[in-house]
Structures are given as structure tokens and as C-alpha cells.
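These notes concern the structure reproduced below.
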Amino acid sequence: MNDTFTSNEIHGGTSTEVLKRSFLDNLSYRQAKFPAVATTYDHYMALAYTVRDRIMQHWLQSASTYYEQSVRSLCYLSAEFLLGPHLGNNLVNLGMESETRQAMLELGLDLDRLLAEEEEPGLGNGGLGRLAACYLDSLASLQIPAIGYGIRYEFGIFDQELKDGWQVERTDKWLRYGNPWEVARPEITFTVGFGGSVREQVDSAGNYQVEWVPDRHVMGMAYDTLIGGYGVPTANLLRLWQAQASESFDFQLFNVGDYQGAVLEKIASENISKVLYPNDEALQGKVLRLQQQYFFTSCALQDMIRIYLQRSSQLGNLHEKFTVQLNDTHPAIGVAELMRLLIDQHAMPWELAWEITRRTFAYTNHTLLPEALERWSVELLGRLLPRHLQIILEINRRHLEGVRKRYPGDEERASRLSLIEEQGSRAVRMAHLACVGSYSINGVAELHSRLLRDEVLRDFHDLTPEKFHNVTNGVTPRRFMLLANPRLSALITHAIGDGWIRDLDQLHRLEPLADDAAFRAEWRVVKRAVKEDLAEKVQQRTGISVDPESLFDVQVKRFHEYKRQHLNLLHILSLYFQIKDNPAADVTPRTFLFAGKAAPGYQMAKLIIKLINSVGEVVNGDSDVNGRLRVAFFPDFNVKNGQWIYPAADLSEQISTAGKEASGTGNMKLSMNGALTIGTLDGANIEIRDHVGPENFFCFGMTVEEVASLQAAGYDPGSLVRDNADLSRIMHRLSDGTFSRGDTELFRPLVENLQYHDPFFVLADFSSYVERQREVSAAFQDREVWTQKSILNVARMGHFSSDRSIRDYCREIWQIDAIQPNGFNSKFKP
Ligand code: GL4
């Protein structure tokens, strides 16, 4: 090996020779291993450090440019960032995958084995957290100055195992063997108070002063993860806060011999960043959750003020240098916290502080489900954050004063608009706090934004229509195409060049190739190969063998009744009984693949998982079926497993009740990889259908309006069962023990819920769904036409890149421009 590398090369070069040298260097000096005893994990760590150094160079250049030019930056506050494994993604974004593979090969190592070693940071539940991660990728790739702020949970989303078909949760210990991607910043630590009381006094000059005296303090320490952009020398920060005790332990207690008592305080403090709440779209209302929200939001705001004060001595223009996007209401307490910081800590008058605050925040709503709209009891909030409650009540007093001036005598409207819900036990409506304290309010798909304006936030829309926007979600094509599906990416690049990776609209250039039989054949070869890869994984993880020739019918997402995995099941059962009636029936062979986690306390969702596995057991083992139907549940759905599944799907199941799925993003990942969608007119499905063309999308089910009128007219699911022989038999067989080894009780809660309540209109959409599925089966028989549709789906998905979403945010909401880092290394000269 060449011996004359400079330090710059060691940490930045990407030639095979330099990479080998850096890797061995890191193996020795950071991982402390010599080659003979190093494990695969050590190799992974050494490579991770090697890659991190290269992003670090980009970050240092980006950060110094941001500092010198005092740029306007975005702060994305989110309780969740579902990042997925870093190594593969960073290699792709840095454009050094093939050199790295070669370097490893020359050292006798297989890059794929090293990639498989990484424990992914599962710091999110599902779509909302993954969206935040896609946005970080796009922000860096578009060279937008940005910081992500969140929580460094010690335990992320639980690992899912299956025992006898039931979900079992296991603690996610992602930090067990260290995390090479983060940099600890003990020097960036803030104090966060809780509890105590508020003292009010008039000082010698006659000024009214308020002092919050918390009875407990917790420290928040920063851990930085670098997020490098694709093909650019820009890297941004994801800064996650870890809770620490303000004193390691209480010496007073220790000295009197109470060792346990002395460490209890420390444990209580550190609990704040211990574990991610595993509920997607449901509230637990636990005080620890509010502590988490306030903890990271306060640290983030204090950090922004610290950064701001490096370049300026007064805070009057804070909103010009930073804009804060609130990812749902989880960080909405930030509105009150920024007011507190400005007024109490920086002696600003209320009016100016309010002006800055409401010009700083922007709020994204991610769900219309009433059970997910955050409300904190006034009593609980007042106990934990007495000063904030006081500020919220004052914000509300002024807000309602304005409302009453504008709508004199309309007390009903005032109570609807109030930040405080007065019915039952009083509660703070966090969405209302976010609306009043923000300059922008947006939904995440056109339908969702319309329903926000017309229904959930209608009164706020009447009050300030100019605040309302739509930004339809998007996903990053780097992770979900380039990294997850290298075969398809190579085919696309071969056909149209690689410009699509940074400009997804260029996929349009594939359109003419849909009519090219040779290209279609290549497309099928790719699909076949990725289906074989997935079939192998399914076999490994479930023991079920599936036929890559069959139609891969995929529903992967969190389990929730509104997402209607049970509607999918009813269709499977309908096909199954069709075969039982006539084993010679001509059915298109299908593999039904499910994956997803249920919230640990959500019994109905867990029962649906059990039912999928029970149906699988019967169907897969039935000789009449003879392999034509296969049902498999892929355990532990996470980003890594998703990357296996998305590329291999033929059919994407997006079958939520209309009006319930705010956007969905799995719908985009699947379609981008050439799956055709069977979907309701819900969330972003509507826009996907508009883009790919209705002839390339299997649409079914009631519209939002139809759902509403059925509800209003009085919905009777029982009558649907009585009137439909297919459905009656299915419902009967679900309760007679056929799928539960004779147990007639097991699935009763599910069957009765559907027959007597069916809150998500599963039975109402059943016929329409089964009919469309018949068309799917028929269409799959004609592989040429199917392939054409698959190509057109990919060709027309450019709109759903998260780059487009971020451009929308920059232009319509944030008013932030891209910036090139100075003095970057030559490889990345634009
Ligand atoms: C969600 C929505 O349910 C989902 O439709 C959307 O795509 C996602 C990102 O905007 O946000 N809202 C919550 S809460 N969890 C989600 O996944």
C-alpha cells in the first residue's frame, strides 16, 4: 500500500487504497482490534467509522459555511426519526459503494455481510417517524441548512417476534454494542426544569416579574448524527437529546446512608429518554410522555438560541434565522416554551415575544383520528409545567379576545376555538396551541388538507385562511429505490441515465419504454430476481416457501383497524372457499404477504395478526389449495425488512377507510418499485392514482362522502352479512373453529365487532374490493400488459419524491434557500 496519504485523504479519500488504509486504521485505533481477532461486527464498526469520517468532512464544511454566512435554517422538531440502517445509505449518498466493496474484497471481506451487522435505530413507530427521516435525506441532498431535533431513546420501537401466531414484543437494544454514527457532545448540555411553582413579584423598578422555580432539573445532552446528502458535499445534523441527572446522586441522602434513595433521582431523570412510546395514532396520556415532549423541545429551543447568540446579541430577529417545523403536536409545547425563554430568561415584553414566536413555528398535522389528537389535562400540565400552563392560559385569553371581537356574541365558536376543552375534565388542546402559535398549518395530502380545513380545523381556517397549506408527503428515492432495489435502479439508469436519482421527474422518460417489448422483458427479469430474493428471506424468517412466479400481494404497515388488514383477510378467505367449492377453479396463484407491528396494548390489532397466521396455517397446508394461495407474515417489519419487501411486490394493498389515512407513504414506496396499487380514495392514494392514471390503479370502495352518508343514514353491517352468501359463510367459519383448531371463542371479538359495529366499514367495502381483486387476478394473467402498467407506475411517480415535498415546504412555507458549502473537495464540484 502507498504510504504517503495525507490526513485529509485518510479521512476523506475514496480510492480503494485509501479506503483500505482508513479501514485498518479504524480497526486498530477506534475499534481496538488486530485483524486475527476482529469479528464481523468489528469490521462493520471500522467501516462505519471510515464512512463517518467522510461525511464529517462534508459537515464541517457545511457548518462553517452556515456559520460564516449566517444563513436561515430549518429546525425540524420530531419525537420520532425512523432512520433505518446508516451504512448502506451513506455509501450510496457518498457515491463510494463500489470502491468500498472492492476495498473490502481486497481485505478478504464481503460488504454485504458487514451491512447485515447493523442494528437499525428504530426511533419511530411508522409513517410519521420515517417521513422525518426521508425529509432529512432530502434536506441534505437539496443543500438546505437544517437541523433535526429529537430524542435519543435508549430503547426504540420493540422488536416483534411471533409465538404461536401471536405478536410478542422484545426490547430493542440498539445501543448495546455502541453506535458508531453518533458523536457525543457533552459540552452541549441544557437544563430542563419540571414541577415546582411560579413566583410573581414586582421588582424595585416597578416591573412585574415572574420566576418559575422548578422542583426538579434534568440535563439534556446532545448526540449528533450526520446526515449526508446524495451526490453533494452537504451534510446536516440530526441532534438527539439524552436525559441525564443534574447531579449523579444526592450526596445528602448518600451521606445519611440512603444509597437507594440517592440514586433514585438519577434513575427518574434518565427515564425520560429511556423508551419510545410504541403507540401509533393513539394516546397514552402518561406524564412521562409529556416529560419527553417538553424535554426535547426545550433542549432544541435553548440550542437554537445558543446558536443564534453566537452571531447576534439580541433575539429580536430569531424568526429570521430559524424556522421551526413541528412534526405533529408532539413538540407543540414549544410555543409556550419559546415564550417562557424569551420573556422570563431574556426579559422580552409579551408582545414582542409573541410576535417572534408565532413567526417562528409552523405546524404539520398528521392525523384526523380523534383518538390521536393530543390533549393534556390542565391538572397534569399545571403540575408538571406550571409556568407553561400560565402562559398557555394567557395566550388563550388574548386569542379569545380577538375571536370575540371578530365574532361578537358567538360564544359557541369561542369555545370551539379555545385552547382549553372545558367539557369533562379540563384539557389543553395541543393542536389548537400549535395553530395559534404558528404562521403555517399544513396537512400531508390534498384530501387530508381539505378535511383539515373543512372539518377538524374549520374554525381556525375561518379565522386565518392564509395560514393553511398542503404539502403532500414524499419518500426518498435514494433509500427506497437506489439502495433497496439496485437491480431496478441499474436498469432505469441504463435506460435514461442517472439524473432521476436527484430529479425523480426524469422517470417520465421511461414512459415510451413501456411499449418496448425488449425493455418489458428486462423489467420482468429484474422483478423475478428480486422476488426470488424475497422468497428466500420469507423462507428463512417464516419457514413458508412461496413461489416467485405467483402474484406477490403485499400489505406492510402498522396494524390498525382503520388500515383494514382484516379486509384483505376476508378476500383471502373468499378465494379459499372458492377453491374449496371447486378445487379445479381457475385462480391466479398469489402470495399474500403481511408485515407490521401492533401497539402492545391494542388487543384487536393483535388478534388480527393472530388471525392472519391462523388462516395461513390452514390455507398453506390445504392440499386442495395445492400451493396456489400462500399466506405469510414476515415478522419484525422495520426499515431494513421493508427494503427487502418493497422491491418485490406486484400488488400494493392501500385499503384504509376513506378519510382515515392522512397520506400513507408505503403506497409511494411500493408504486415506485413497480407495484400496482389496489386502493381506496384515501390519503395520497388519490394523488397517486391521478399521476399514474386510473387505468394503472385498481380503485375500489366508498368515498369520504359516501362513508359519511352511510354513517348518517345508520350503518347496519349485520344486514350485509345476511344478504351476501360469501360473506355469511366467511363470518360463520371464522367463528366455528375452522381457523382456531376448534376454539369457537378465539376470534369472537373480531367477528362480533364486524357484525355489530364495523366502525371502519370493512363489510361495506367488501364486495367492491373482491370485485376489483378479480380484475387484478385477470390482469396479472397478461404479463405484457401488467408489465406495461408496472413501468408506467414507476415512470409517473416523480411527484412523490421527498425532494418535491421539501421544495414545496421551502417555497411555500419556510422561505429557505439552498446553499453550497465553501471549499469542498474536488470530487463534489458541481
Ligand atoms: C401518520 C399517518 O397515519 C400517515 O398516513 C402519514 O403518511 C404519516 C406521515 O405524514 O403520518 N400520522 C401518524 S400519527 N402516524 C402516521 O404514520
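As the structure is a computational prediction, the values presented were derived from the model and not from experiment.
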Side-chain contact test, heavy atoms from C-beta onward, threshold under 4.5 Å: evaluate it for [X] versus [Y] and give yes or no.
X	Y	result
Leu670	Thr677	no
Leu105	Arg101	no
Leu676	Ser790	yes
Val475	Phe800	no
Leu593	Val546	no

Shortest non-hydrogen contact from [X] toward [Y]:
X	Y	value
Ser671	Val794	O-CG2, 3.7 Å
Met797	Asn793	CG-O, 2.9 Å
Ser62	Pro233	OG-O, 3.6 Å
Ile655	Ile678	CG2-O, 3.8 Å

According to the salt bridge (charged side-chain N to carboxylate O under 4.0 Å, His left out) rule, which pairs have a member within residues 125-134, sequence neighbours left out? none
[X] bridged to [Y] by N-O distance under 4.0 Å:
X	Y	result
Arg804	Asp808	yes
Glu532	Arg528	yes
Arg590	Asp553	yes
Asp650	Lys531	yes

If you count every heavy atom of other residues, nucleotides or ligands that lies below 6.0 Å from [X] atom [atom1], does the total exceed 12?
X	atom1	value
Trp786	CH2	yes
Arg811	CZ	yes
His494	NE2	no
Glu536	CD	no

If we ignore angles and hydrogens, is there a donor and acceptor under 3.5 Å between the side chains of [X] and [Y]?
X	Y	answer
Asp682	Ser656	yes
Thr14	Glu99	no
His58	Gln61	no
Glu106	Gln102	yes
Asn470	Thr472	yes
Thr493	Asp498	no
Asp137	Tyr230	no
Asn641	Asn638	yes

Which pairs of donor and acceptor atoms, one on a side chain in residues 46-56, lie under 3.5 Å apart (sequence neighbours left out)?
from  : atom 1 : to     : atom 2 : distance (Å)
Thr50 : OG1    : Asn26  : ND2    : 2.9
Thr50 : OG1    : Ala46  : O      : 2.7
Arg52 : NH1    : Pro180 : O      : 3.0
Arg52 : NH1    : Glu182 : O      : 3.1
Asp53 : OD1    : Arg30  : NH2    : 2.6
Asp53 : OD2    : His11  : ND1    : 3.0
Asp53 : OD2    : Arg30  : NH2    : 2.6
Arg54 : NE     : Gly13  : O      : 2.6
Arg54 : NH1    : Ile10  : O      : 3.4
Arg54 : NH1    : Thr50  : O      : 2.8
Arg54 : NH2    : Glu9   : O      : 3.3
Arg54 : NH2    : Ile10  : O      : 2.9
Arg54 : NH2    : Gly13  : O      : 2.9
Arg54 : NH2    : Ser22  : OG     : 3.0

Checking the side chain of [X] only, and the main-chain atoms of [Y] only, is there a donor and an acceptor separated by less than 3.5 Å?
X	Y	result
Thr591	Phe552	no
Asp42	Leu27	no
Arg479	Leu83	yes
Gln654	Asn685	no

Glu695 and Lys789: salt bridge (Lys or Arg N to Asp or Glu O under 4.0 Å), yes or no, with the steps? CA-CA 8 Å; Glu695 66 286 5; Lys789 292 178 188 295; over 6 Å; no
Is the cationic atom of Arg478 (NZ for Lys, CZ for Arg) positioned less than 6.0 Å from the six-membered ring centroid of Phe480 and within 45 degrees of its normal?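 Relative to the ring axis of Phe480, which defines the angle, Arg478 lies outside at least one limit.
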Evaluate the ring planes of His691 and His799, with Trp represented by its six-membered ring, and classify them as parallel (under 30°), tilted (30 to 60°) or perpendicular (over 60°).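 Taking His799 first and then His691, their aromatic rings lie parallel (interplane angle under 30°).
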Plane angle bin for Trp814 and Tyr809 - parallel if under 30°, tilted between 30 and 60°, otherwise perpendicular: parallel
Go through it in stages, so that I can follow the logic: the residues are Arg524 and Glu784, the test is salt bridge (Lys or Arg N to Asp or Glu O under 4.0 Å), and I'd like the CA-CA distance, side-chain angles, deciding distance and then a yes or no. CA-CA 9 Å; Arg524 273 193 301 275; Glu784 292 296 345; 3.0 Å; yes
